[in-house]
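All residue numbers in this chain count up from 1 along the given sequence.
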Amino acid sequence: MLFKPAIALIVSTSSVVQALVPLQARQETSTSTDSCPGYSVSNVKSDRSSLTADLTLAGSPCNAYGPDISKLKLEVTYETATRIHVKLTDANSKRYEVPEEAFERPAPSKFDSKKADIKFKYTKSPFSFTIYRSSTGEVLFDSSAAPLVYEPQYLRLKTKLPSQANIYGLGEHSNNFRLDPTNTIRTLWNRDAPGVPTGTNLYGTHPIYFEHRTTGTHGVFLLNSNGMDIKLTDGALEYNVIGGILDFYFLSGPSPVEVAQQYANLVGKPAEMPYWAFGLHQCRWGYRDFVEVSQVITNYSAAGIPLETMWTDIDYMKTRWIFTTDPDYFPLDRMQQITKYLHDHNQQYILMMDPAVAYQPNKNYGAYDHGAEADVFLKNADGSPYLGVVWPGLTVFPDWFHPKASDYWTTEIKSFFDEKNGINVDGIWIDMNEAANFCGYPCPDPQQVAIDRGMPPPRPREPPPKDAPIFTKRQNNNSTFDVLNPPYAINHAFPNLSSNTIAVDIKHQNGLIEYDAHSLYGTMMSSITRDAMVKRRPGERALIITRSTFAGAGRKVGKWLGDNASTWGHYRNSIAGALGFASLYQMPMVGADVCGFFDNTTETLCARWAMLGAFLPFYRNHNAEGTIGQEFYLWGTVTQAAKNALSIRYRLLDYIYTHFHRASLDGTPVLNPLWFKYPSDSKTYAVDLQFLYGDSILVSPVTTENSTSVDIYLPKDVFYDFYTFTAVQGSGSTVTLSNISFTDIPLHIRGGAVIPLRTESSMTTKDLRSKDFHLVVAPNSAGRANGNLYIDDGISLAPTVTTNIAFTYSNGELQAKGKFDYNPEKVKVTKISFLGIGKEPKRVSVTGGKFKGHSYDAVRKVAEVEVEVELSHSLRGGFSVKLK
């Protein structure tokens, strides 16, 4: 939730206009930098795992955007068999590097280069380097494409690429999943981006790309938080960075999943989420009062749609001041009543939180007074408070690098969300943390801007009676840099770097300037907020959903894709956006605002989106003030579509929960683009309207307005229709699916999987945990399948008792082995469906449980076996079911 729609329209329009300008018309660097002298190598020192060298300017400086640095230091470290670290720094002066508080680097390690999967090689003069595969000599990265340029506020390094390269990542963006390799500028500089326009910088910075070739996949990560343009032209990728250092990590793969795992080992593995977090979430900006919020909860229940978590946007606050409730529209006692009602019904509650604190000195406003007392707000160079304009009007901004910021924020969270005296929420939603600022730049009179913009905005109607019934139906630092106007201008969607955010010349308490640390602001806030929530409920996982991110943020928080619109284009783009975060950036708890945030949705769009959203990890319906309501119960078609999709999502919840657990251990993606599973099939490389939910559920939504058919690509493999269990043989071609109603979504099971399903859905995830299991065995063409099931208490950060089962199937026998320790609900496996069985089994044998009977469908070629196998610790040897 961001600007008012009118403001968003202005910003979005200007952004789109910039996005449409072709690359060739942008600021060109080649004429001024391709003739630069580069550097020469000397004083090389190396051992089996590292290399250092001096780089000296190889000729007359070109001074393209400032004075060339005359001497650099090169450090190369083989950190693991699959990772090389290449670092280029100023040899004589300390430059900004991403601080450890914002990005925790892996523990120092060294590996014997002779045994490494990839290797580093350099050319002495002019200096360039390559990264190549040890086994084949294939070059993966080659910086000889242009001379290295290293200046105070400009770094340029260019690598050669194959023609029509398959490049993915470099987010956050709303472009196609596979980036156009001939004419793309990916600008990284976190910003408030209403309408998430294609071709511009958005809310997050993730300078990682995966390059896929028929010979394998590799990854390149640049650890740098300064603004940058990354330019793709046919045959080349060029970094243009306005500060910091060149700090590269190269990941060898060679499979795409292995690159994802290697990246997770570098930036941190994703946080495990509470079990309940995978239920349906409902929110909107513009719920007028506590009565309306309560009615939404009740209406979902009356419609029979499982609502797991209710959210409330900024509306609940008094004049938009964080850590307050409006005494008339959202009085504390009624908010507590709503929270208790939800908890009594095994549901959850989440509230929004912004970073900006209302500037209210001497007004007895605790959040401001406590922060001012601790001196944790950002300041101008003269020591006065740095003021911006956000929803409360005049605001200050916490300095997340301040040593007292974490204690300040934790205290406010524990007090406001106190279980007895506050609002006992179950998670927090963070918005506006780029940080957003309604002041343009310069902003000499923030107070007048607040007045002109009408901040805080007035309430649109009178408050309800306090006893109304509820739950009824219906400045400059000492740097010599020009940080305000750097000599190289990145392709930022706003006029300058300080526009609509914190001014980049503001200095943090630890001496960092916002110019360097800007894109870390949101992640710092998210990290501190998550830590505060863990302290509030010790030992429990916390659901924190944020907007602004930096590399590694997934270690603690989830992400929603920002303020989209109710359009078919944004419906389609949500797939690529989610794939970027879940499969590349190691932030798997991701989803879009279902049915769209801005503009009015339609019944058919919302129905299709309700189903698509059910197969993204984070599933929330959310829209803007001033638009029509879009709760799922408002249209018959949408109600039925949501019920159908939620029934499948909930039955599959343990399947995706198991994938999240695995991701927390090794970084294996929970969503997969088709090419992750079919890396040799070039027809999959550009597919971004289909995806795999987990390893094995192929999701192929209808993506065209008013259509009841969809063309889907099926690789050369065995698939099974999810609804009928009938085998479908893919041939590496496009197939047209017809007669798809507005309440259905095409799903297929990829051959080779054992899928754990609950036997039925439920209205809450707590109730779901008492349902028995139905195993679906879907063999591949070789007649084999495997899968896993992980169960714990769903909330503990470090569960002490778990169930972890590995399923394997071959030669007509399903075996289940592992740990069977956690099962307080005493759930059982009661049904097993064996797919692709050519003839009826003559008999079935069961070990470790009871055989209850079986049936066979010759048309579908499915054998159904009824069993009774309790998943308890008595199953130390596991269980098996054999068809004979």
*Where the side chain of R178 meets the backbone of D688, is there a donor-acceptor pair that is under 3.5 Å apart?*
no
_I'd like to know if the side chain of K882 and the backbone of N811 have a donor-acceptor N/O pair within less than 3.5 Å._
yes
*For T233 and T182, indicate whether the former's side chain and the latter's backbone hold a donor-acceptor pair under 3.5 Å.*
no
*Which is it for T159 and D142 under the side chain to side chain donor-acceptor pair (under 3.5 Å) test, yes or no, and what are the steps along the way?*
CA-CA 5 Å; T159 181; D142 180 359; over 6 Å; no
_Y693 side chain to L747 backbone, donor-acceptor under 3.5 Å_ = no
_Result of checking F210, Y209, F141 against F250 for ring pair (Phe, Tyr, Trp, His ring centres under 6.0 Å)_ = F141
*T703 to R572 - nearest heavy-atom pair and separation*: O-NH1, 2.6 Å
*Only one of F177, Y585, Y263 clears ring pair (Phe, Tyr, Trp, His ring centres under 6.0 Å) with Y168; which?*
F177
*Below 4.0 angstrom, N of the basic side chain to O of the carboxylate: do R758 and D654 qualify?*
yes
*Start with the C-alpha gap between K819 and T802, add the side-chain angles, then the distance that decides, and say whether side chain to side chain donor-acceptor pair (under 3.5 Å) holds.*
CA-CA 7 Å; K819 286 200 319 178; T802 65; 3.1 Å; yes
*Side chain of R649, backbone of P617: donor and acceptor closer than 3.5 Å?*
yes
*Among F632, Y619, W560, F618, which residue meets the ring pair (Phe, Tyr, Trp, His ring centres under 6.0 Å) test with H281?*
F618
_Donor-acceptor contact below 3.5 Å, side chain T136 vs main chain E138_ = yes
_Distance-only side-chain donor-acceptor flag, T549 / H206, under 3.5 Å_ = yes
*Do the charged groups of D593 and R620 touch, with an N to O distance under 4.0 Å?*
yes
*asked:* Please evaluate residues D695 and K677 with respect to the criterion salt bridge (Lys or Arg N to Asp or Glu O under 4.0 Å), reporting the C-alpha separation (whole Å), side-chain torsions for both, the decisive distance (0.1 Å), and the verdict.
replied: CA-CA 8 Å; D695 289 335; K677 297 302 180 183; 3.1 Å; yes
Residues 783-790, side-chain donor-acceptor partners within the protein, below 3.5 Å, at least two apart:
from : atom 1 : to   : atom 2 : distance (Å)
Y790 : OH     : D792 : OD2    : 2.9

